[in-house]
Amino acid sequence: MATFTVSTGTINSFSPLKNKKPLFSLSICFTLKTSKSTLRGATASMSYDKELAVAKNAVSLAARLCQKVQKALLQADVQSKSDKSPVTVADYGSQAVVSVVLQKELDSASFSLVAEEDSGDLRKEEGKETLQRIMKLVNETLASDGTYGNAPFSEEDVLAAIDSGRSEGGPSGQHWVLDPIDGTKGFLRGDQYAIALGLLDEGKVVLGVLACPNLPLSQEKVGCLFYAQVGGGTYMQSLDSSTPIKVHVTDLDNPEEASFFESFEAAHSLHDLSSLIAKKLGVKAPPVRIDSQAKYGALSRGDGAIYLRFPHKGYREKIWDHAAGYLVVAEAGGVVSDAAGNPLDFSKGRYLDLHEGIIVTNQKLMPALLKAVKESLNEKASSL
Ligand SMILES: Nc1ncnc2c1ncn2[C@@H]1O[C@H](COP(=O)(O)O)[C@@H](OP(=O)(O)O)[C@H]1O
Ligand SMILES: [Mg+2]
Ligand SMILES: [Mg+2]
Ligand SMILES: [Mg+2]
């Protein structure tokens, strides 16, 4: 078996809007296995092969739409949702594109999609212009693929495609789980974001596809597509379909050498708490703060060893923020759990029921991480 270790040296986040100093730089060193057996693993006949091929196409097309919008982002394209979080024409457009492609290619009678956005605001008078922009983007993107461009989608078609994401999910049957843009705040800053698509079968995540258009693939190339099928490992390729390579989480066992990821946004995760946990573990490197499930993708290829996510009290995590990323990391040999070490349960509907937060690392580091998390949470509770 030929195993090459490719050191990509220092890679920087890509900021197309700002075109200035990178927000993080991170040394990555990951092992690319290009043996025949590894590549055969990517194409072996497994039960979700057709779904995987369609999901990769859907997510790549959605990424094309998002990249176009991020390049030419207009303030008018950004709205505020009722919970005050931002949403853009690209979030809606990406959701419509993925929904259309999945329904066209797969059995639409049993189709179920749990997705973040809905068309409520677009159906209001003030949403009319935004809807026009989304319709244009969706039609341009679908036409660019050559497969779906024959009959343009009307405003009603686009609204219906977005609203097909209203499923409640649950423990039985198959449900697609979509975050059309995860990390919208990062997307708006010109930083990291992801298009994240998972498939649940009987309550378990069986497919995960993660497009990270601004994540470096190598020193020369930016834009990664991670994908995993349950039992089949995790693969990474460029967004324009280069040969996939198998990726693995780091095999580091010394926390002192580990680096850790957390949300860029302090409002999304308690930075003080992660810093306390990291200190207890003996982690020396400063936190790597990036938006979105790009953190799961980066961790799955060994860029960093730990991801810590501790939302402020009262926040409920949604399944689309973790389903795809979870499988990408799990199939790359990583462990994802809540702060008490329980596995994540995606079978409960649109939300995840969690004890405190989400922690991710490899199998060797998990016992020490759990201990540090427990001690830190106790310390925090007793200081209140
Ligand atoms: N107060 C909060 N605490 C934790 N997560 C939050 C939050 N407000 C929003 N989020 C979630 O954090 C996601 C982004 O994750 P990250 O912090 O890793 O970049 C958002 O996804 P969207 O951008 O899809 O809305 C949103 O679901
Ligand atoms: Mg999200
Ligand atoms: Mg989103
Ligand atoms: Mg959102």
Side-chain angles (χ1 to χ4, degrees), residues 13 23-24 59 62-63 65-66 69-70 77-99 113-118 121 134 162 165 176-198 208-215 260-274 287-299 304 306-326 328-329 336 338-339 344 346 350-352 354 356-360:
S13 75
L23 276 167
F24 77 97
V59 163
L65 182 150
C66 295
V69 175
Q70 199 183 43
D77 289 339
V78 185
Q79 319 285 321
S80 252
K81 296 205 280 191
S82 53
D83 63 359
K84 303 277 189 290
S85 65
V87 61
T88 72
V89 292
D91 296 67
Y92 290 120
S94 165
Q95 183 157 322
V97 163
V98 173
S99 162
L113 175 66
V114 184
E116 181 182 357
E117 309 304 342
D118 67 65
D121 289 343
I134 298 163
I162 292 170
W176 290 95
V177 180
L178 172 67
D179 196 333
I181 291 191
D182 183 40
T184 305
K185 290 177 184 168
F187 178 77
L188 288 168
R189 268 187 261 107
D191 290 335
Q192 296 299 326
Y193 66 99
I195 295 108
L197 180 62
V209 179
L210 211 54
C212 303
N214 287 347
L215 194 68
F260 75 97
F261 291 109
E262 64 183 344
S263 286
F264 181 90
E265 295 286 336
H268 293 183
S269 193
L270 299 163
H271 288 172
D272 287 359
L273 182 56
S274 355
V288 179
R289 293 180 176 148
I290 61 173
D291 303 276
S292 86
Q293 288 172 68
K295 292 187 276 298
Y296 283 109
L299 199 137
I306 298 166
Y307 168 20
L308 300 173
R309 185 179 190 87
F310 289 93
H312 293 259
K313 219 174 167 49
Y315 182 78
R316 291 181 77 193
E317 293 280 2
K318 329 291 190 311
I319 57 171
W320 52 79
D321 278 321
H322 301 282
Y326 151 75
V328 161
V329 161
V336 183
D338 72 8
L344 304 190
F346 290 92
R350 292 170 76 88
Y351 293 94
L352 283 170
L354 291 174
E356 300 263 3
I358 294 178
I359 58 177
V360 187

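Just so it is clear, the structure is predicted and the values come from calculations on it, not from any experiment. Whatever order the structure lists them in is the order used to number ligands and atoms, beginning at 1.
Within 4.0 Å of ligand 1, protein heavy atoms belong to Glu116, Asp179, Ile181, Asp182, Gly183, Thr184, Ser263, Ala267, His268, Asp291, Ser292, Lys295, Arg309, Pro311, Tyr315, Asp321, listed by chain and number.
Leu308 has its side chain within reach of Ile306: a pair of non-hydrogen atoms, C-beta onward, lies under 4.5 Å apart. Taking 4.5 Å as the limit, every side-chain heavy atom of Asp182 sits out of range of all side-chain heavy atoms of Trp320.
Under 3.5 Å, the side chains of Ser269 and Glu262 contain no donor-acceptor pair of N or O atoms.
Taking the six-membered ring where tryptophan is involved, the planes of Tyr296 and His322 are perpendicular, since the angle between them exceeds 60° and thus also 30°.
For Glu356, the salt bridge (Lys or Arg N to Asp or Glu O under 4.0 Å) test picks out no residue, with sequence neighbours left out. Partners of Asp321 under the salt bridge (Lys or Arg N to Asp or Glu O under 4.0 Å) rule, at least two apart in sequence or in another chain, do not exist in this structure.
Partner of Phe310 under the side-chain contact (heavy atoms from CB on, under 4.5 Å) criterion, out of Asp272, Leu270, Ile358: Leu270 alone.
Counting only protein N, O or S atoms, the number found under 2.8 Å from the Mg ion (ligand 3) is 3.
Here the CZ-CD distance, from Arg350 to Glu116, works out to 9.0 Å after rounding to the nearest 0.5 Å.
In plain terms, the two heavy atoms of Pro180 and Glu117 that are nearest each other are CG-CG, 3.8 Å.
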